[in-house]
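To start, the structure itself, in structure tokens.
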Protein chains: 2
Amino acid sequence: MSAAESAVETIQREMTIFARRARASAGRMHPELSLVSYTLLGHLEERGGCRATDLAAHYALDKSTVSRQVAALERAGLIERRLDPEDHRVQVLHLTEAGQEILAQVTRSRRAAFRERLAGWPEEDLVRFAAYLERYNAGPAGAD
Amino acid sequence: MSAAESAVETIQREMTIFARRARASAGRMHPELSLVSYTLLGHLEERGGCRATDLAAHYALDKSTVSRQVAALERAGLIERRLDPEDHRVQVLHLTEAGQEILAQVTRSRRAAFRERLAGWPEEDLVRFAAYLERYNAGPAGAD
DNA sequence: AGTTCAAGTTGTACTATACAACTACAACCG
DNA sequence: CGGTTGTAGTTGTATAGTACAACTTGAACT
């Protein structure tokens with residue numbers, strides 16, 4: 001096996017390990033915000049509000065799933081819905097202040113975990129690793 | 001923000017994207033084998049058989065969860081249980097031939113997906129990326 | 001023998017998810 | 001206009017994966 005093939009093997013294996021661990025630990029680390037909820041809130045913050053349908057499309061989730069997640073987030077007071085005056089079918093979702101706070105807090109704690117894990121890496125390696133990951137994820141969606 | 005801090009941000013973000021995508025696509029890509037089942041079968045192959053309790057410990061799953069997964073895999077004919085003659089509480093799990101075949105097939109198809117995604121990467125980058133991932137995952141478990 | 005420990009199963013509950021059927025509104029077309 | 005078709009979102013139903021607790025069975029060690 002060539003060095004390239006064996007590197008691909010390793011990348012596959014390590015990415016799988018990571019995915020499994022992330023799934024296992026996500027719920028336990030931030031009981032207040034599941035990985036999906038966190039991602040949705042993050043998207044809302046980044047975009048400054050969007051529609052449930054956009055979330056579903058972007059994250060390849062069924063609209064019913066998003067609908068229930070959104071309902072839960074609203075119940076928890078983390079987002080609010082504003083009827084689009086242009087189109088009354090549409091509800092534009094926005095973070096509430098509480099939502100912004102929780103998102104910031106979870107982001108901080110996640111960032112701390114990553115930072116700790118990456119402590120001791122030379123800056124050059126961090127930058128290259130980050131670039132590789134971006135390049136990997138920028139590829140066509142669909143493969144793991 | 002320093003280059004190192006911003007790289008950590010990027011790593012966190014991209015790893016999260018990856019974990020989300022993996023979860024979303026795993027079920028659709030290999031309906032015959034969930035990510036967990038695949039991982040369990042892989043572990044059995046690697047170890048040449050082990051106990052349900054070992055699986056639970058290694059993957060931080062509840063023993064009841066493993067028990068049901070194992071039951072399903074046995075029902076599907078992919079693994080078999082052998083009573084440990086030394087200790088009749090213990091069932092040593094082994095891949096059946098069908099299990100080995102399916103595992104090999106899913107591994108091939110996953111590998112193909114990764115290979116396609118990484119096509120065009122210079123060998124040097126593949127090797128470095130693989131090394132970074134190994135180093136990342138080798139850190140203390142628990143952080144995402 | 002009796003107690004304590006370990007492996008595994010089963011009952012129950014919860015979360016995330018998908019698919020399908022439905023409602024409400026919009027847009028378009030004749 | 002007014003009917004048809006399309007889009008946003010909700011709700012009913014089903015399934016998978018998971019955890020926790022209670023239980024069964026066998027082992028080990030006094």
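Chain A is the first sequence line, chain B the second, and so forth, proteins listed ahead of strands; every chain is numbered from 1.
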task = Give a yes/no verdict on a cation-pi contact between Arg110(A) and Tyr38(A), requiring under 6.0 Å between NZ or CZ and the six-membered ring centre and an angle within 45° of the axis.
result = yes
message = Regarding Arg51(B) and Asp84(B), does a basic nitrogen lie under 4.0 Å from an acidic carboxylate oxygen?
response = no
request  = State which residues pass side chain to side chain donor-acceptor pair (under 3.5 Å) with Glu123(B); sequence neighbours excluded, sorted by chain then number.
outcome  = none
task = Could you tell me the separation between the CD1 atom of Ile79(A) and the CD1 atom of Ile102(A), rounded to the nearest 0.5 Å?
result = 12.5 Å
query = In Å, rounded to the nearest 0.5 Å, how long is the span from OG of Ser34(A) to CD of Gln69(A)?
reply = 5.0 Å
query = Under a 4.0 Å heavy-atom cut-off, which of residues 70-88 of chain B touch DNA chain C?
reply = Arg81(B)
Nearest-neighbour nucleotide for the Arg89(B) side chain, dC5(C), dG9(D), dC20(D) considered = dC5(C)
note = The correct set of residues in residues 45-54 of chain A placing a heavy atom under 4.0 Å from DNA chain D is Arg51(A), Ala52(A), Thr53(A)
Every protein N/O within reach of nucleotides 13-17 of chain D N/O, cut-off under 3.5 Å:
{"from": "dT13(D)", "atom 1": "O4", "to": "Arg68(A)", "atom 2": "NH2", "distance (Å)": "3.2"}
{"from": "dG17(D)", "atom 1": "OP1", "to": "Ser34(B)", "atom 2": "OG", "distance (Å)": "3.3"}

Aromatic plane relationship, Phe129(A) with Tyr132(B) - under 30° parallel, 30 to 60° tilted, over 60° perpendicular = tilted
request  = Only pairs at least two apart or in different chains count here, so list each side-chain hydrogen bond (donor to acceptor under 3.5 Å, both in side chains) that has a residue in residues 39-50 of chain B.
outcome  = His43(B)-Tyr59(B)
ask   = Applying side-chain hydrogen bond (donor to acceptor under 3.5 Å, both in side chains), which residue pairs with at least one partner in residues 91-100 of chain B are found, sequence neighbours left out?
value = Arg81(B)-Gln91(B), Arg82(B)-His94(B)
ask   = What's the CG-P distance between Leu55(B) and dA7(C), to the nearest Å?
value = 13 Å
